[in-house]
Amino acid sequence: MSSFLALRRVRYFSSATTAAAATINSTTSTDAAESAITISKAKSKLRTEYDPDKALEIYATVSEHYTSPLSSRYAQDLTVKRLAKARRYKDIEKLIESHKNDPKVKQEPYLTTLIRSYGLAGMFNHALNTYNQMDELGTPRTAVSFNGLLSACNYSKLFGKVPQLFVEMSEKYNLRPNQFSYGILIKSYCEIGSPELGIEKMREMEEKGIEVTAVVFTTILHSLYKRGKVEEAEKIWDEMVRKGCELDVGVYNVRIMHVHNDKPESVKKLITEMTDAGIKPDTISYNYLMNCYCMNDMMAEAKKVYEGLEGNCCRPNAATFRTFIAHLCNKEMFEYGYKVFKKSVEVNKIPDFGTLKPLVEGLVKKLNKKDAKGLIRTLRKKFPQKILKAWDQVEVELGLISIESARNDIKAPRT
DNA sequence: ATAGGGTTAG
(Lines give C-alpha, C1' and ligand atoms only; values in the text may rest on other atoms or scores of the structure.)
Protein backbone atom coordinates (compact mmCIF):
# COMPACT_ATOMS: atom_id res chain seq x y z
CA MET A 1 0.00 0.00 0.00
CA SER A 2 2.63 2.49 1.03
CA SER A 3 4.91 1.56 -1.84
CA PHE A 4 2.04 2.08 -4.23
CA LEU A 5 1.56 5.55 -2.81
CA ALA A 6 5.25 6.23 -3.10
CA LEU A 7 5.24 5.19 -6.73
CA ARG A 8 2.28 7.37 -7.51
CA ARG A 9 3.97 10.24 -5.82
CA VAL A 10 7.11 9.91 -7.87
CA ARG A 11 5.24 9.73 -11.10
CA TYR A 12 3.08 12.69 -10.29
CA PHE A 13 6.12 14.61 -9.30
CA SER A 14 8.09 13.86 -12.43
CA SER A 15 5.33 15.22 -14.58
CA ALA A 16 5.27 18.36 -12.49
CA THR A 17 9.01 18.80 -12.93
CA THR A 18 8.74 18.30 -16.63
CA ALA A 19 5.91 20.78 -16.82
CA ALA A 20 7.93 23.33 -14.88
CA ALA A 21 10.94 22.69 -17.09
CA ALA A 22 8.97 22.83 -20.33
CA THR A 23 7.35 26.17 -19.71
CA ILE A 24 10.72 27.79 -19.27
CA ASN A 25 11.55 27.43 -22.89
CA SER A 26 8.19 28.34 -24.27
CA THR A 27 8.08 31.76 -25.80
CA THR A 28 5.32 33.77 -24.28
CA SER A 29 4.43 37.31 -25.08
CA THR A 30 2.26 38.03 -22.10
CA ASP A 31 2.26 41.68 -21.33
CA ALA A 32 4.31 42.86 -18.37
CA ALA A 33 1.48 44.03 -16.11
CA GLU A 34 -0.30 40.74 -16.42
CA SER A 35 2.92 38.88 -15.66
CA ALA A 36 3.47 40.91 -12.55
CA ILE A 37 0.05 39.96 -11.25
CA THR A 38 0.57 36.30 -12.01
CA ILE A 39 3.93 36.27 -10.27
CA SER A 40 2.73 38.07 -7.20
CA LYS A 41 -0.21 35.69 -6.85
CA ALA A 42 2.13 32.73 -7.22
CA LYS A 43 4.44 34.08 -4.54
CA SER A 44 1.59 34.46 -2.10
CA LYS A 45 0.49 30.90 -2.77
CA LEU A 46 4.01 29.53 -2.54
CA ARG A 47 4.52 31.02 0.87
CA THR A 48 1.99 28.66 2.41
CA GLU A 49 2.43 25.74 0.08
CA TYR A 50 4.49 23.13 1.86
CA ASP A 51 3.85 20.34 -0.57
CA PRO A 52 6.86 20.37 -2.93
CA ASP A 53 4.85 18.97 -5.83
CA LYS A 54 2.29 21.72 -5.62
CA ALA A 55 5.06 24.25 -5.15
CA LEU A 56 6.54 23.10 -8.44
CA GLU A 57 3.26 23.52 -10.24
CA ILE A 58 2.90 27.02 -8.95
CA TYR A 59 6.49 27.77 -9.84
CA ALA A 60 5.83 26.68 -13.41
CA THR A 61 3.43 29.61 -13.79
CA VAL A 62 6.19 31.95 -12.63
CA SER A 63 8.76 30.64 -15.11
CA GLU A 64 6.20 31.17 -17.78
CA HIS A 65 5.98 34.84 -16.92
CA TYR A 66 9.67 35.49 -16.40
CA THR A 67 10.53 39.17 -16.57
CA SER A 68 13.72 39.65 -14.55
CA PRO A 69 15.92 37.62 -12.21
CA LEU A 70 14.75 39.51 -9.18
CA SER A 71 11.04 39.15 -9.82
CA SER A 72 11.13 35.39 -10.07
CA ARG A 73 13.91 34.78 -7.60
CA TYR A 74 11.74 34.62 -4.52
CA ALA A 75 9.52 32.02 -6.14
CA GLN A 76 12.48 29.99 -7.32
CA ASP A 77 14.08 30.16 -3.88
CA LEU A 78 10.95 28.95 -2.14
CA THR A 79 10.40 26.10 -4.56
CA VAL A 80 13.96 24.91 -4.22
CA LYS A 81 13.84 25.15 -0.45
CA ARG A 82 10.68 23.06 -0.31
CA LEU A 83 12.26 20.43 -2.52
CA ALA A 84 15.47 20.46 -0.50
CA LYS A 85 13.55 19.96 2.71
CA ALA A 86 11.98 16.90 1.12
CA ARG A 87 15.47 15.82 0.04
CA ARG A 88 14.48 15.76 -3.60
CA TYR A 89 17.92 16.67 -4.86
CA LYS A 90 17.52 14.89 -8.16
CA ASP A 91 14.45 16.95 -8.85
CA ILE A 92 16.20 20.16 -7.93
CA GLU A 93 18.94 19.25 -10.37
CA LYS A 94 16.43 18.50 -13.07
CA LEU A 95 14.70 21.80 -12.57
CA ILE A 96 17.79 23.98 -12.42
CA GLU A 97 19.65 22.21 -15.21
CA SER A 98 16.66 22.69 -17.48
CA HIS A 99 17.10 26.44 -17.10
CA LYS A 100 20.47 26.14 -18.79
CA ASN A 101 18.69 25.49 -22.08
CA ASP A 102 17.18 28.91 -21.90
CA PRO A 103 18.95 31.52 -24.04
CA LYS A 104 18.87 33.82 -21.02
CA VAL A 105 21.65 31.82 -19.39
CA LYS A 106 24.04 33.94 -21.42
CA GLN A 107 22.95 36.78 -19.18
CA GLU A 108 25.02 36.79 -16.05
CA PRO A 109 22.28 37.81 -13.58
CA TYR A 110 20.11 34.96 -14.79
CA LEU A 111 22.87 32.40 -14.45
CA THR A 112 23.70 33.80 -11.03
CA THR A 113 20.23 32.93 -9.79
CA LEU A 114 20.91 29.31 -10.73
CA ILE A 115 24.16 29.28 -8.77
CA ARG A 116 22.44 30.81 -5.77
CA SER A 117 19.62 28.30 -5.95
CA TYR A 118 22.00 25.38 -5.81
CA GLY A 119 23.52 26.99 -2.76
CA LEU A 120 20.15 27.36 -1.06
CA ALA A 121 19.54 23.68 -1.63
CA GLY A 122 22.87 22.91 0.00
CA MET A 123 24.19 21.59 -3.31
CA PHE A 124 27.40 23.54 -3.41
CA ASN A 125 29.20 21.24 -5.84
CA HIS A 126 26.48 21.84 -8.39
CA ALA A 127 26.87 25.57 -7.81
CA LEU A 128 30.60 25.34 -8.40
CA ASN A 129 30.17 23.24 -11.52
CA THR A 130 27.73 25.76 -12.89
CA TYR A 131 30.17 28.56 -12.21
CA ASN A 132 32.97 26.71 -14.00
CA GLN A 133 30.63 25.99 -16.87
CA MET A 134 30.13 29.65 -17.72
CA ASP A 135 32.70 29.76 -20.54
CA GLU A 136 31.03 26.84 -22.21
CA LEU A 137 27.62 28.46 -21.82
CA GLY A 138 28.93 31.73 -23.18
CA THR A 139 28.15 33.77 -20.10
CA PRO A 140 30.46 36.69 -19.33
CA ARG A 141 32.11 36.80 -15.94
CA THR A 142 32.12 39.73 -13.56
CA ALA A 143 31.99 40.06 -9.81
CA VAL A 144 28.26 39.36 -9.94
CA SER A 145 28.54 35.63 -10.57
CA PHE A 146 31.64 35.45 -8.39
CA ASN A 147 29.60 36.86 -5.53
CA GLY A 148 26.79 34.46 -6.35
CA LEU A 149 29.21 31.59 -5.95
CA LEU A 150 30.51 32.89 -2.63
CA SER A 151 26.93 33.34 -1.41
CA ALA A 152 26.06 29.82 -2.52
CA CYS A 153 28.92 28.63 -0.36
CA ASN A 154 27.58 30.47 2.68
CA TYR A 155 24.05 29.22 2.00
CA SER A 156 25.40 25.69 1.96
CA LYS A 157 26.96 26.44 5.33
CA LEU A 158 30.46 25.81 4.02
CA PHE A 159 31.67 28.97 5.67
CA GLY A 160 35.25 27.82 5.93
CA LYS A 161 35.49 27.41 2.19
CA VAL A 162 34.61 31.00 1.33
CA PRO A 163 37.98 32.62 2.13
CA GLN A 164 39.71 30.03 -0.02
CA LEU A 165 37.33 30.52 -2.95
CA PHE A 166 37.61 34.27 -2.59
CA VAL A 167 41.33 34.15 -3.34
CA GLU A 168 41.32 31.23 -5.74
CA MET A 169 38.57 32.42 -8.06
CA SER A 170 39.46 36.09 -8.07
CA GLU A 171 42.97 35.12 -9.20
CA LYS A 172 41.93 32.45 -11.65
CA TYR A 173 39.46 34.70 -13.45
CA ASN A 174 41.20 37.95 -12.78
CA LEU A 175 38.29 39.51 -10.94
CA ARG A 176 38.36 42.40 -8.54
CA PRO A 177 36.27 41.71 -5.41
CA ASN A 178 33.83 44.54 -4.70
CA GLN A 179 31.98 45.65 -1.56
CA PHE A 180 29.52 42.78 -1.90
CA SER A 181 32.28 40.18 -2.23
CA TYR A 182 33.80 41.50 0.97
CA GLY A 183 30.43 41.51 2.67
CA ILE A 184 30.03 37.80 1.93
CA LEU A 185 33.60 37.04 2.98
CA ILE A 186 33.16 38.86 6.28
CA LYS A 187 29.92 37.03 6.91
CA SER A 188 31.75 33.73 6.48
CA TYR A 189 34.45 34.70 8.99
CA CYS A 190 31.78 35.73 11.47
CA GLU A 191 30.00 32.43 11.04
CA ILE A 192 33.21 30.48 11.54
CA GLY A 193 33.39 32.21 14.87
CA SER A 194 35.95 34.85 14.15
CA PRO A 195 34.49 38.35 13.99
CA GLU A 196 38.08 39.46 14.58
CA LEU A 197 39.11 38.20 11.17
CA GLY A 198 36.00 39.89 9.81
CA ILE A 199 37.20 43.16 11.29
CA GLU A 200 40.60 42.59 9.68
CA LYS A 201 38.94 42.25 6.30
CA MET A 202 36.97 45.38 6.95
CA ARG A 203 40.27 47.22 7.45
CA GLU A 204 41.46 45.78 4.17
CA MET A 205 38.39 47.24 2.48
CA GLU A 206 39.21 50.66 3.88
CA GLU A 207 42.80 50.40 2.64
CA LYS A 208 41.59 49.51 -0.81
CA GLY A 209 39.11 52.33 -0.81
CA ILE A 210 36.09 50.05 -0.96
CA GLU A 211 33.15 51.59 0.83
CA VAL A 212 32.25 49.94 4.13
CA THR A 213 28.49 50.14 4.47
CA ALA A 214 26.13 49.52 7.35
CA VAL A 215 25.71 45.94 6.14
CA VAL A 216 29.29 45.01 6.94
CA PHE A 217 29.16 46.71 10.33
CA THR A 218 25.91 44.92 11.06
CA THR A 219 27.37 41.53 10.26
CA ILE A 220 30.23 42.10 12.65
CA LEU A 221 28.10 43.71 15.36
CA HIS A 222 25.69 40.81 15.31
CA SER A 223 28.47 38.25 15.56
CA LEU A 224 30.10 40.05 18.49
CA TYR A 225 26.86 40.30 20.44
CA LYS A 226 26.08 36.69 19.73
CA ARG A 227 29.39 35.67 21.21
CA GLY A 228 28.91 37.83 24.27
CA LYS A 229 31.66 40.24 23.27
CA VAL A 230 29.63 43.24 24.32
CA GLU A 231 32.48 45.69 24.82
CA GLU A 232 33.91 44.98 21.40
CA ALA A 233 30.45 45.38 19.94
CA GLU A 234 30.01 48.78 21.52
CA LYS A 235 33.34 49.82 20.06
CA ILE A 236 32.24 48.82 16.58
CA TRP A 237 28.99 50.72 17.04
CA ASP A 238 30.90 53.82 18.15
CA GLU A 239 33.22 53.54 15.18
CA MET A 240 30.30 53.22 12.83
CA VAL A 241 28.66 56.35 14.18
CA ARG A 242 31.94 58.25 14.33
CA LYS A 243 32.71 57.51 10.71
CA GLY A 244 29.33 58.78 9.67
CA CYS A 245 28.18 55.46 8.26
CA GLU A 246 24.54 55.73 7.29
CA LEU A 247 22.52 53.95 9.96
CA ASP A 248 19.44 51.90 9.13
CA VAL A 249 16.77 49.59 10.60
CA GLY A 250 19.01 46.55 10.27
CA VAL A 251 21.70 47.80 12.65
CA TYR A 252 19.15 49.02 15.10
CA ASN A 253 17.44 45.67 15.10
CA VAL A 254 20.70 44.00 16.01
CA ARG A 255 21.08 46.39 18.91
CA ILE A 256 17.47 45.82 19.94
CA MET A 257 18.03 42.08 19.75
CA HIS A 258 20.80 42.46 22.25
CA VAL A 259 18.71 44.35 24.82
CA HIS A 260 15.33 42.72 24.33
CA ASN A 261 15.85 40.19 27.12
CA ASP A 262 16.23 43.16 29.40
CA LYS A 263 13.51 45.54 30.56
CA PRO A 264 11.11 47.02 28.00
CA GLU A 265 12.51 50.46 28.73
CA SER A 266 15.76 49.47 27.02
CA VAL A 267 13.93 48.49 23.87
CA LYS A 268 11.69 51.56 24.02
CA LYS A 269 14.75 53.74 24.35
CA LEU A 270 16.33 52.35 21.18
CA ILE A 271 13.08 52.66 19.27
CA THR A 272 12.83 56.29 20.29
CA GLU A 273 16.46 56.83 19.36
CA MET A 274 16.03 55.44 15.87
CA THR A 275 12.75 57.22 15.29
CA ASP A 276 14.38 60.50 16.27
CA ALA A 277 17.13 59.77 13.77
CA GLY A 278 14.48 59.42 11.09
CA ILE A 279 14.70 55.63 10.85
CA LYS A 280 11.37 53.85 10.93
CA PRO A 281 11.16 50.71 13.08
CA ASP A 282 9.87 47.73 11.14
CA THR A 283 7.96 44.58 12.00
CA ILE A 284 11.10 42.95 13.38
CA SER A 285 11.70 45.87 15.73
CA TYR A 286 8.13 45.76 16.99
CA ASN A 287 8.24 41.98 17.38
CA TYR A 288 11.10 42.44 19.82
CA LEU A 289 9.19 45.07 21.74
CA MET A 290 6.05 42.94 21.85
CA ASN A 291 8.01 39.91 23.00
CA CYS A 292 9.78 41.91 25.61
CA TYR A 293 6.47 43.13 27.07
CA CYS A 294 5.15 39.58 27.12
CA MET A 295 8.19 38.29 28.95
CA ASN A 296 7.68 41.01 31.52
CA ASP A 297 4.00 40.18 32.05
CA MET A 298 2.87 43.40 30.46
CA MET A 299 0.22 41.93 28.21
CA ALA A 300 -1.83 45.08 27.84
CA GLU A 301 1.24 46.84 26.46
CA ALA A 302 2.01 43.93 24.16
CA LYS A 303 -1.53 44.09 22.79
CA LYS A 304 -1.09 47.76 22.14
CA VAL A 305 2.02 47.09 20.08
CA TYR A 306 0.32 44.33 18.12
CA GLU A 307 -2.78 46.36 17.43
CA GLY A 308 -0.72 49.40 16.57
CA LEU A 309 1.36 47.64 13.92
CA GLU A 310 -0.69 48.73 10.98
CA GLY A 311 -0.93 52.27 12.25
CA ASN A 312 2.86 52.21 12.18
CA CYS A 313 2.83 51.06 8.58
CA CYS A 314 3.96 47.55 9.54
CA ARG A 315 2.34 44.28 8.71
CA PRO A 316 2.45 41.40 11.18
CA ASN A 317 4.59 38.57 9.85
CA ALA A 318 4.74 34.85 10.58
CA ALA A 319 6.97 35.39 13.61
CA THR A 320 4.56 37.98 15.02
CA PHE A 321 1.71 35.50 15.06
CA ARG A 322 3.74 32.57 16.26
CA THR A 323 5.41 34.23 19.22
CA PHE A 324 2.42 36.31 20.25
CA ILE A 325 0.04 33.35 20.26
CA ALA A 326 2.55 31.32 22.26
CA HIS A 327 2.77 34.06 24.90
CA LEU A 328 -0.99 34.54 25.00
CA CYS A 329 -1.41 30.84 25.68
CA ASN A 330 1.14 30.97 28.47
CA LYS A 331 -0.92 33.71 30.03
CA GLU A 332 -4.14 31.76 29.45
CA MET A 333 -5.52 34.48 27.20
CA PHE A 334 -7.06 31.99 24.83
CA GLU A 335 -9.99 34.07 23.59
CA TYR A 336 -7.72 36.83 22.45
CA GLY A 337 -5.34 34.21 21.08
CA TYR A 338 -8.13 32.93 18.90
CA LYS A 339 -8.68 36.43 17.59
CA VAL A 340 -5.02 36.71 16.67
CA PHE A 341 -5.19 33.30 15.03
CA LYS A 342 -8.10 34.42 12.85
CA LYS A 343 -6.08 37.37 11.70
CA SER A 344 -3.20 35.05 10.77
CA VAL A 345 -5.61 33.07 8.62
CA GLU A 346 -6.82 36.21 6.96
CA VAL A 347 -3.33 37.18 5.87
CA ASN A 348 -2.20 33.64 5.08
CA LYS A 349 0.47 33.37 7.77
CA ILE A 350 -0.82 30.58 9.95
CA PRO A 351 1.47 29.37 12.74
CA ASP A 352 2.55 25.75 12.98
CA PHE A 353 1.12 22.83 14.88
CA GLY A 354 3.30 23.27 17.94
CA THR A 355 2.05 26.82 18.42
CA LEU A 356 -1.62 26.15 17.84
CA LYS A 357 -2.00 22.98 19.87
CA PRO A 358 -1.86 24.80 23.24
CA LEU A 359 -4.41 27.25 21.88
CA VAL A 360 -6.90 24.53 21.02
CA GLU A 361 -6.31 22.83 24.34
CA GLY A 362 -6.80 26.11 26.14
CA LEU A 363 -10.03 26.88 24.34
CA VAL A 364 -11.38 23.47 25.27
CA LYS A 365 -10.33 23.94 28.85
CA LYS A 366 -12.27 27.18 28.92
CA LEU A 367 -15.26 25.29 27.54
CA ASN A 368 -15.04 27.08 24.26
CA LYS A 369 -15.39 24.05 22.03
CA LYS A 370 -16.98 26.07 19.29
CA ASP A 371 -13.82 28.07 18.60
CA ALA A 372 -11.63 25.02 19.10
CA LYS A 373 -13.55 23.21 16.39
CA GLY A 374 -13.56 26.28 14.21
CA LEU A 375 -9.80 26.48 14.45
CA ILE A 376 -9.30 22.89 13.37
CA ARG A 377 -11.84 23.24 10.58
CA THR A 378 -9.90 26.21 9.22
CA LEU A 379 -6.64 24.30 9.30
CA ARG A 380 -8.15 21.42 7.39
CA LYS A 381 -8.85 23.69 4.50
CA LYS A 382 -5.36 25.13 4.47
CA PHE A 383 -2.84 22.37 5.03
CA PRO A 384 -1.79 19.17 3.30
CA GLN A 385 -2.96 15.83 4.58
CA LYS A 386 0.35 14.84 6.13
CA ILE A 387 0.45 17.68 8.62
CA LEU A 388 -3.20 17.27 9.45
CA LYS A 389 -2.82 13.76 10.79
CA ALA A 390 -1.50 15.16 14.03
CA TRP A 391 -4.71 17.14 14.38
CA ASP A 392 -6.93 14.06 14.09
CA GLN A 393 -5.40 12.82 17.28
CA VAL A 394 -5.78 16.13 19.06
CA GLU A 395 -9.44 16.21 18.15
CA VAL A 396 -10.07 12.78 19.60
CA GLU A 397 -7.99 13.46 22.71
CA LEU A 398 -9.89 16.61 23.51
CA GLY A 399 -13.25 15.04 22.87
CA LEU A 400 -14.00 17.38 20.01
CA ILE A 401 -14.94 14.45 17.87
CA SER A 402 -15.87 10.82 18.49
CA ILE A 403 -13.52 8.03 17.46
CA GLU A 404 -16.13 6.68 15.08
CA SER A 405 -16.42 9.84 13.06
CA ALA A 406 -12.65 10.15 13.04
CA ARG A 407 -12.54 6.75 11.38
CA ASN A 408 -15.17 7.77 8.88
CA ASP A 409 -13.06 10.73 7.98
CA ILE A 410 -10.34 8.49 6.74
CA LYS A 411 -12.67 7.18 4.06
CA ALA A 412 -14.42 10.42 3.33
CA PRO A 413 -12.45 13.50 4.30
CA ARG A 414 -14.50 16.43 5.40
CA THR A 415 -14.55 19.46 3.20
C1' DA B 1 21.15 44.32 -9.66
C1' DT B 2 25.29 40.14 -6.59
C1' DA B 3 26.37 41.34 0.87
C1' DG B 4 23.50 42.27 6.93
C1' DG B 5 19.31 42.15 10.98
C1' DG B 6 14.34 37.78 13.79
C1' DT B 7 12.18 33.24 13.73
C1' DT B 8 11.94 28.37 11.53
C1' DA B 9 12.39 22.57 13.01
C1' DG B 10 12.71 17.62 13.92
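Lettering of chains follows the sequences in order, A, B, ..., and the numbering in each one begins at 1.
- Applying the side-chain hydrogen bond (donor to acceptor under 3.5 Å, both in side chains) definition to pairs two or more places apart or across chains, those involving residues 209-223 of chain A are A:S223-A:R227.
- Checked against side-chain hydrogen bond (donor to acceptor under 3.5 Å, both in side chains), A:E239 has the following partners two or more places apart in sequence or in another chain: A:R203, A:K243.
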Could you list the donor-acceptor pairs under 3.5 angstrom formed by side chains in residues 272-279 of chain A, with sequence neighbours left out?
unit_1 : atom_1 : unit_2 : atom_2 : d
A:T272 : OG1    : A:K268 : O      : 2.8
A:E273 : OE2    : A:Y252 : OH     : 2.8
A:E273 : OE2    : A:R255 : NH1    : 3.3
A:T275 : OG1    : A:I271 : O      : 2.5

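- Near DNA chain B, meaning a heavy atom under 4.0 Å from it, residues 179-186 of chain A has A:Q179, A:F180, A:G183, A:I184 in order of number.
- Remark: A:D248, A:V249, A:G250, A:V251, A:N253, A:V254, A:M257 in residues 246-270 of chain A come within less than 4.0 Å of DNA chain B through at least one heavy atom.
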Dump every N/O contact between nucleotides 8-10 of chain B and the protein below 3.5 Å, one line per pair.
unit_1 : atom_1 : unit_2 : atom_2 : d
B:dA9  : N6     : A:D352 : OD2    : 2.6

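- In this structure, A:D282 reaches the bases: a heavy-atom distance under 4.0 Å links it to at least one base atom across the strands shown.
- Listed by chain and residue number, A:D297 satisfy the side-chain hydrogen bond (donor to acceptor under 3.5 Å, both in side chains) test with A:K331 (two or more places apart in sequence, or in another chain).
- Relative to the side chain of A:P109, the nucleotides B:dA1, B:dT2, B:dG5 differ in distance, and B:dA1 lies closest.
- Of the residues in residues 190-212 of chain A, none has a non-hydrogen atom less than 4.0 angstrom from any atom of DNA chain B.
- Around CD of A:E246, the count of heavy atoms belonging to other residues, nucleotides or ligands within 6.0 Å does not exceed 12.
- Residue pairs that meet the salt bridge (Lys or Arg N to Asp or Glu O under 4.0 Å) test with at least one member in residues 333-345 of chain A, sequence neighbours left out, are A:E310-A:K343, A:K343-A:E346.
- Scanning for ring pair (Phe, Tyr, Trp, His ring centres under 6.0 Å) contacts around A:Y306 gives A:F324, with sequence neighbours left out.
- The side-chain hydrogen bond (donor to acceptor under 3.5 Å, both in side chains) check on A:S188 picks up nothing, with sequence neighbours excluded.
- Sorted by first then second residue, the ring pair (Phe, Tyr, Trp, His ring centres under 6.0 Å) pairs that include residues 175-214 of chain A, not counting sequence neighbours, are A:F166-A:Y182.
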